[in-house]
Amino acid sequence: MEATIKLSDLFKILKAHLFLIIAITVVSVSIATIISYFVLTPIYTADTQILVNQKSDKKDPYVASSQIDADLQMINTYNVVIKSPLILSKVIEKLDLNSTPETLTNQITILNTNNSQVFTVHVEDAKASQAVDISNTIAEIFKSEIPTLMKVDNINILSYAKLSEHPIPAKPNKLLNIGISGIIGLMIGIGLAILIETLDTRIKSEQDVEDILDIPIIGLVSPINIDKKTSRLKRQTSNIDAV
C-alpha cells in the first residue's frame with residue numbers, strides 16, 4: 001500500500017521530534033568544528049607565475065605565430081620537468097627540506113590556462129613561509145636548468161610568490177565544513193524523525209483510526225480512570241456486605 005505524507009503531517013512530525021532534530025544537528029556541527037579546528041592540519045598555498053616566451057623574428061608573422069604554438073606545446077613538457085627528481089632534489093637540497101622528491105611532487109600542481117604562455121607553479125604546505133620558498137625556488141632552479149636540459153632560453157619568472165603578513169590557510173575551509181555538516185545533520189534528523197513515525201504503527205488518535213479504516217468516527221469513549229472506578233466498586237461492595 002502506497003503511503004503518502006501530507007505537508008501538515010510533515011510539520012507535525014517535525015514538531016514532535018524537534019528536540020531529536022536539533023540534537024543531531026548540534027552534534028554534527030560540533031564534530032565538524034572539532035575536526036576542522038583541532039584535527040585537520042591547515043594547508044597554505046603559494047603561486048609563482050612563469051612566462052614561456054621565446055625570442056622570435058617579429059618581422060615575420062608566420063614565424064612568430066609558429067614560435068608561440070611551439071612554446072604552448074612545450075609547456076606540457078615543462079610541467080613534467082618541473083616535477084622531476086632532477087629539479088625537486090635541488091629544491092630540497094637548497095631549502096634543506098626534510099622531504100623526498102616523491103613527497104614534494106604531491107605538493108605541487110602546475111596550472112595553465114588554455115592558449116596562455118603563462119603557467120603557475122602552485123605549492124601546498126603546512127607552513128606558509130615554506131610554501132612560498134618552495135614555489136619560488138622551483139621556479140628559479142627550473143629557469144636555470146632548462147637551458148642546459150633543452151637548449152632553450154625562453155623562461156622568465158613573471159611574478160614571485162609572496163608571504164602575506166597574516167597568511168590564511170586555503171584548507172580546510174572551516175566555515176564551509178561546519179555549514180555542510182549542519183545541513184547534513186539537519187537532513188539526518190528530519191529523515192530519522194520521518195522514519196520513526198513511519199515505523200510506529202501504534203494508533204494514537206481518532207484521525208489514525210479514520211485513516212486506517214477509511215470510515216468516519218461517530219463516537220468516542222472518554223478515558224476511564226481505572227483507580228477511581230475500582231475504588232468506587234469496592235465501596236459499593238463494602239456497603240452491600242454491611243447490609
Side-chain angles (χ1 to χ4, degrees), residues 32-33 35-56 58 64 67-180:
T33 302
I35 292 176
S36 297
Y37 280 90
F38 301 106
V39 177
L40 296 179
T41 302
I43 299 297
Y44 299 87
T45 62
D47 294 333
T48 301
Q49 288 186 318
I50 298 176
L51 173 64
V52 179
N53 185 21
Q54 186 78 299
K55 294 179 180 178
S56 62
K58 296 182 180 179
Q67 189 60 58
I68 291 174
D69 292 339
D71 288 340
L72 292 175
Q73 293 175 1
M74 287 303 295
I75 288 178
N76 293 327
T77 303
Y78 294 157
N79 292 346
V80 178
V81 173
I82 285 177
K83 300 177 76 172
S84 67
L86 175 67
I87 301 295
L88 297 186
S89 296
K90 293 185 177 181
V91 173
I92 292 172
E93 182 180 357
K94 184 174 182 179
L95 297 178
D96 193 22
L97 299 176
N98 184 20
S99 181
T100 63
E102 291 76 17
T103 303
L104 188 57
T105 192
N106 293 327
Q107 299 177 227
I108 302 169
T109 304
I110 306 301
L111 306 174
N112 175 239
T113 306
N114 291 335
N115 298 323
S116 171
Q117 292 175 275
V118 177
F119 64 95
T120 302
V121 178
H122 178 82
V123 176
E124 297 182 349
D125 197 275
K127 298 179 181 177
S129 59
Q130 189 160 284
V132 171
D133 291 340
I134 292 173
S135 182
N136 290 335
T137 304
I138 287 174
E140 290 173 351
I141 292 178
F142 172 70
K143 181 183 177 182
S144 65
E145 293 291 330
I146 202 67
T148 305
L149 292 173
M150 303 183 68
K151 309 299 181 186
V152 294
D153 186 14
N154 62 343
I155 301 299
N156 293 287
I157 300 176
L158 191 62
S159 68
Y160 284 92
K162 295 180 181 178
L163 180 61
S164 172
E165 186 175 355
H166 302 289
I168 299 175
K171 296 186 292 186
N173 191 329
K174 299 172 184 174
L175 294 180
L176 180 62
N177 291 346
I178 294 172
I180 292 175

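All values derive from a computational prediction rather than experimental measurement.
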Contact check, side chains of [X] and [Y], non-hydrogen atoms, under 4.5 Å:
| X | Y | answer |
| --- | --- | --- |
| F119 | I50 | yes |
| T48 | I138 | no |
| Y44 | L163 | no |
| Q117 | L51 | yes |
| I155 | V52 | yes |

What are the two closest non-hydrogen atoms of [X] and [Y], and how far apart are they?
| X | Y | value |
| --- | --- | --- |
| E124 | Q107 | O-NE2, 2.7 Å |
| P42 | P172 | CA-CD, 4.0 Å |
| A126 | T41 | CB-CG2, 3.9 Å |
| A46 | S135 | O-OG, 3.8 Å |
| P85 | S89 | O-OG, 2.6 Å |

Residue pair Q130, L97: steps toward the side-chain contact (heavy atoms from CB on, under 4.5 Å) verdict: CA-CA 9 Å; Q130 189 160 284; L97 299 176; 3.7 Å; yes
Positive for side chain to side chain contact (heavy atoms under 4.5 Å, CB included) with H122, one of I110, T109, I108: T109
Partner of S99 under side chain to side chain contact (heavy atoms under 4.5 Å, CB included), chosen from T105, L104, L88: L104
For K94, salt bridge (Lys or Arg N to Asp or Glu O under 4.0 Å) partners two or more places apart: E140
Heavy atoms of other groups near N106 CG, more than 12 under 6.0 Å: yes
